[in-house]
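In what follows, a single structure is set out as structure tokens and then discussed.
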Amino acid sequence: MAIESQPALRPTILVVEDEESLATLLHYNLEREGYAVGVSSDGEEALMLIDEKQPDLVILDWMLPSVSGIEVCRRLRQSTQTRNLPIIMLTARGEETDRIRGLDMGADDYVVKPFSMIELCARVRAVLRRIRPGLSEDKVRHGDLMIDRVAHRVKRGADDIRLGPTEFRLLDHFMQHPGRVFSREQLLDAVWGSDVYVETRTVDVHIGRLRRALNRDGQEDPIRTVRSAGYSLEV
Ligand code: CA
């Protein structure tokens, strides 16, 4: 099952677990925690889903029918696209050697079955906070910019900045990944959603609006245009 389209601000998690009752339980509890959740019972399918639309975190069972969790983890780490994708491994085996192997393969954390949902959710929050501080915080700061996701407010220095909803989501996306260059297609996927048909030049229009709002007093432009590549937030 693919991750459904959701409001841009909810972190997305892909659960890869072939044990149906556990997958359902994880799905239910993570959704209740406010995440957008997709589930796959198969390693090969999971790799395809991740290739189509990268989640913010993967919960990966060690023992899967075709491709093992550890192999999925290894392949994700080999690809430059997914090298830094946060992964929490699940295993029924609590042996120290497995734990070390899992972390060697690049998992960010490791949870031994049986575990409580409270514990797992705490690990998820911890990994997201560590790897993408911008994802789990209500307020994110970068340079003189501050975005408050709860109050839907943006400030530059002491000044309030008024943004439309699309410009707000664009800025939020940039502030989650300062310095990273996004193509127009990637911004469309992240901000508008991949199931919406919008022309790529629409991105330029909204970037223009975002810039005018942010730089209205002639400040330095925090958005960088990268020729033939896209846009990024200056670091
Ligand atoms: Ca399993």
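For the numbers below, each heavy atom of this structure counts, side chains included, while hydrogens, waters and symmetry mates do not. Note that the structure is a prediction, hence the values are computed from the model and not measured. As the structure lists them, so they are numbered: ligands from 1, and atoms in each ligand from 1.
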Next item on the list: Tell me which N, O or S atom of Asp61 sits nearest to the Ca ion (ligand 1).
Entry: OD2

Next item on the list: Could you go through the side-chain contact (heavy atoms from CB on, under 4.5 Å) check for Met63 and Leu90 one step at a time?
Entry: CA-CA 8 Å; Met63 301 291 275; Leu90 304 179; over 6 Å; no

Check: Do any of the N, O or S atoms of Glu19 sit under 3.0 Å from the Ca ion (ligand 1)?
Finding: no

Check: Salt bridge between Lys155 and Asp144, side-chain N to carboxylate O under 4.0 Å?
Finding: no

Check: Does a salt bridge link Glu199 with Arg184, judged by any charged N lying under 4.0 Å from a carboxylate O?
Finding: no

Check: Can you name the N, O or S atom of Asp18 that is closest to the Ca ion (ligand 1)?
Finding: OD1

Note to self: If I take atom CD1 from residue Ile88 and atom CG from residue Leu120, how far apart are they, to the nearest 0.5 angstrom?
What the structure shows: 6.0 Å

